Amino acid sequence: MMERLLDLAPGVLTEIVRALSEDISLAASDKDLYRVALTCRRLFRIAEPFLYTKLVCPDLRQAKLFLRTILEKPAYAAKVKYLALEQGDEDEEDDDHEEEDHEDEEEEHDDGNDDGEDTRGINTMEAKELAQLIEAYDNLSLPENLDLGRDDWISALKHQTYLAIGAIIALSLPNLERFEIVFPNSVEDSSKFIRRAIQAATPQNLPSVAGRFLSNLREVEYFQAALEFIIPLNEIRSYFYLPSLRTLEVNHLEADAFTWSPPLTPCNIETLSLESAGIENEAWGVLFKSMTNLKHLSYSPGSARHFNSISAVSALGEHLTLVKSTLETLHMSDFYLGFGPPEDDFLGSLDDFLRLERLSIQIALLIGSAECKAEKALWEMLPRPLEDLEIYLEHDHDVEDREDVIEQVAEVVLRRESQFPGLRRLVIRSRRLQETGRTAELQEIQFPGLRCRLIRSRREQETGLAALQEICMVKDVKFLELFDE
């Protein structure tokens, strides 16, 4: 097998190694890349340039080793395109560090080392390691400020604070394109070092460092793994100022009314994803006014018990018009409706969103529910450029979809030639249709000139979806029916 691999042309081998280095979805790809590099000298020469293209969730030891490596070989820092950090339990790290210190002190005492060289209980190896960390920080030449000065950084490095080391790594990578950070628990105080690092890369905040840090960063993802914890807006505010950034994905974000200080002009973000978020009404206006390049928006609200306030659907719809001239993709689902005045649950029409081609939406936000129906039909509220339509049926069993919901969708397909000439794909998503003990109360659809067929099964008991599928076939629209878990 190895002979066959080495028989491949150098360009083919390079592309194989490149594919391994760019596969950030598989944790094994890093190990495979290193195995290739250790196979023989020829493969090492091919793999070596790619070995440092990504750094995925290093533990504390690996993070320190990486900093030492780029201090000794600065050219390696320029190779890294992807960095992912996962905040650990600082208390456990501190406990482990103290335990190691205690063991080292005992060893020194047993060896009779009383030369007075290490009166603070830090052995020679740790002192060298700390000096390297401090050197890496000093190489950045970060401006001092009142909130977080050099002494704070040095103290964090002495305590081996993971996110302080991670922040130094991030700022040391001149060609970093994608950055992810995972918070398994609450956003701890140590995250201030990441926040400060991003502020240091922001030209509006610190003109003196313009272009020095993160000038190639294009994608950022913040992920809060624990549902009971949130990510405050202040944690990610500075990313909006980065000129190179195009994609920002955050879950469990909380944003109350705020202003941009300094003023945010312009914001180059094109893709914004806010999942399970709590966004106050006026906060949407502040966000959208500055996002003059926004093309793709995905939003789902979080649980009200985790956030101070969550905007009404109608308020979101009102502010959404601020980006109607640029928006190409919109995803909105998982809304809990019926907790306020009925008019608050309507998003409003999207017919004047002249660039909106892909829409994924909880249908009740447009046409209302069984209790409160919109005056306009669904086809009247959709944009003419629509190419891809994904409909979410009822999310909450306490709020029933309209009895004519399938007819409303079918009418969109029937009007394809005149209203939506680009429509090519329709997806219906539902939870309830999967339930075996409940029958959806939707009637068979009758359309003149089309043969209607009912598929009687546990999933599709008299739903009319079979007729809709046939309509899509006639109209040359790809139809998918998905049952979400």
Side-chain angles (χ1 to χ4, degrees), residues 1-86 88 125 128-129 132-133 135-137 139-140 162-163 165-182 194 197 201 211-221 223 242-247 249 271:
M1 179 65 71
M2 183 52 58
E3 291 178 356
R4 293 178 183 175
L5 180 62
L6 293 176
D7 287 340
L8 294 174
V12 175
L13 287 173
T14 300
E15 290 306 312
I16 292 174
V17 173
R18 186 192 307 277
L20 281 175
S21 70
E22 293 177 351
D23 185 3
I24 61 174
S25 61
L26 297 177
S29 65
D30 278 336
K31 295 180 180 179
D32 292 339
L33 189 60
Y34 279 99
R35 289 186 183 121
V36 169
L38 294 173
T39 301
C40 64
R41 289 182 179 180
R42 181 184 173 194
L43 288 177
F44 176 81
R45 287 195 297 270
I46 295 174
E48 193 270 341
F50 299 98
L51 288 175
Y52 289 89
T53 56
K54 59 181 177 177
L55 184 62
V56 184
C57 297
D59 58 27
L60 186 60
R61 181 186 65 85
Q62 292 169 331
K64 291 186 292 186
L65 285 175
F66 180 81
L67 266 183
R68 185 182 71 184
T69 298
I70 62 177
L71 277 174
E72 296 173 352
K73 301 178 180 180
Y76 284 5
K79 299 178 184 294
V80 181
K81 301 285 185 69
Y82 172 79
L83 171 65
L85 301 175
E86 181 171 1
M125 183 64 69
K128 181 179 179 181
E129 182 181 87
Q132 290 173 334
L133 294 176
E135 181 184 356
Y137 167 78
N139 283 348
L140 298 175
Y162 178 78
L163 289 186
I165 296 172
I168 294 173
I169 290 177
L171 293 185
S172 301
L173 307 177
N175 295 317
L176 185 65
E177 295 179 359
R178 184 173 177 183
F179 178 42
E180 296 182 12
I181 182 168
V182 178
I194 291 289
R212 282 179 49 200
F213 305 116
L214 304 180
S215 58
N216 293 294
L217 187 63
R218 296 185 62 84
E219 298 181 43
V220 170
E221 180 179 351
F223 184 77
L242 292 179
S244 62
L245 196 66
R246 295 296 182 269
T247 299
E249 300 180 14
T271 300

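In this text, all values refer to a predicted model and were calculated from it rather than measured experimentally.
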Chi angles and distances behind the side chain to side chain contact (heavy atoms under 4.5 Å, CB included) call for Val220, Ile181: CA-CA 8 Å; Val220 170; Ile181 182 168; over 6 Å; no
Closest approach of [X] and [Y], non-hydrogen atoms and distance?
{"X": "Val36", "Y": "Ala47", "answer": "CG1-CB, 4.4 Å"}
{"X": "Arg178", "Y": "Leu217", "answer": "N-CD1, 3.8 Å"}
{"X": "Pro174", "Y": "Ala77", "answer": "CD-O, 3.7 Å"}
{"X": "Cys57", "Y": "Gln62", "answer": "O-OE1, 4.3 Å"}
{"X": "Ala63", "Y": "Ile165", "answer": "CB-CG2, 4.0 Å"}
{"X": "Leu67", "Y": "Leu133", "answer": "CD1-CD2, 3.7 Å"}

Drop me the distance from [X]'s [atom1] to [Y]'s [atom2], to the nearest 0.5 angstrom.
{"X": "Ile168", "Y": "Asn139", "atom1": "CD1", "atom2": "CG", "answer": "10.0 Å"}
{"X": "Lys54", "Y": "Leu83", "atom1": "NZ", "atom2": "CG", "answer": "12.5 Å"}
{"X": "Arg218", "Y": "Thr247", "atom1": "CZ", "atom2": "OG1", "answer": "7.5 Å"}
{"X": "Leu245", "Y": "Phe179", "atom1": "CG", "atom2": "CZ", "answer": "11.5 Å"}
{"X": "Gln132", "Y": "Ile70", "atom1": "CD", "atom2": "CD1", "answer": "11.5 Å"}
{"X": "Ile169", "Y": "Tyr162", "atom1": "CD1", "atom2": "OH", "answer": "7.0 Å"}

Whether the side chain of Arg212 engages the backbone of Leu140 through a donor-acceptor N/O pair (distance < 3.5 Å, no angle test) should be reported.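 Yes; judged by distance alone, with no hydrogens or angles, the pair exists.
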If the condition is side-chain contact (heavy atoms from CB on, under 4.5 Å), which residues does Arg61 pass it with, not counting sequence neighbours?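 Per chain and number, Arg61 pairs via side-chain contact (heavy atoms from CB on, under 4.5 Å) with Asp59, Leu65.
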Evaluate the side-chain proximity of [Y] to [X]: yes if any heavy-atom separation is below 4.5 Å, no if none is.
{"X": "Leu8", "Y": "Ile16", "value": "yes"}
{"X": "Pro58", "Y": "Lys64", "value": "no"}
{"X": "Arg45", "Y": "Arg41", "value": "yes"}
{"X": "Asn216", "Y": "Ser244", "value": "no"}
{"X": "Leu85", "Y": "Ile194", "value": "yes"}

Applying salt bridge (charged side-chain N to carboxylate O under 4.0 Å, His left out), can you list everything that pairs with Glu135, at least two apart in sequence or on another chain?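 Once residues adjacent in sequence are excluded, Glu135 has no partner under the salt bridge (charged side-chain N to carboxylate O under 4.0 Å, His left out) criterion.
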Please list all pairs meeting ring pair (Phe, Tyr, Trp, His ring centres under 6.0 Å) that have one or both residues in residues 35-58, counting only residues at least two apart or in different chains.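 Qualifying pairs, neighbours excluded: Tyr52-Tyr76.
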For Lys79, look at atom NZ and say whether over 12 heavy atoms of other residues, nucleotides or ligands are found less than 6.0 Å away.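 Atom NZ in Lys79 is packed in, count exceeds 12.
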Would you please say whether a donor-acceptor pair under 3.5 Å links the side chains of Tyr82 and Glu180?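 On atom types as modelled, these side chains qualify, holding a pair under 3.5 Å.
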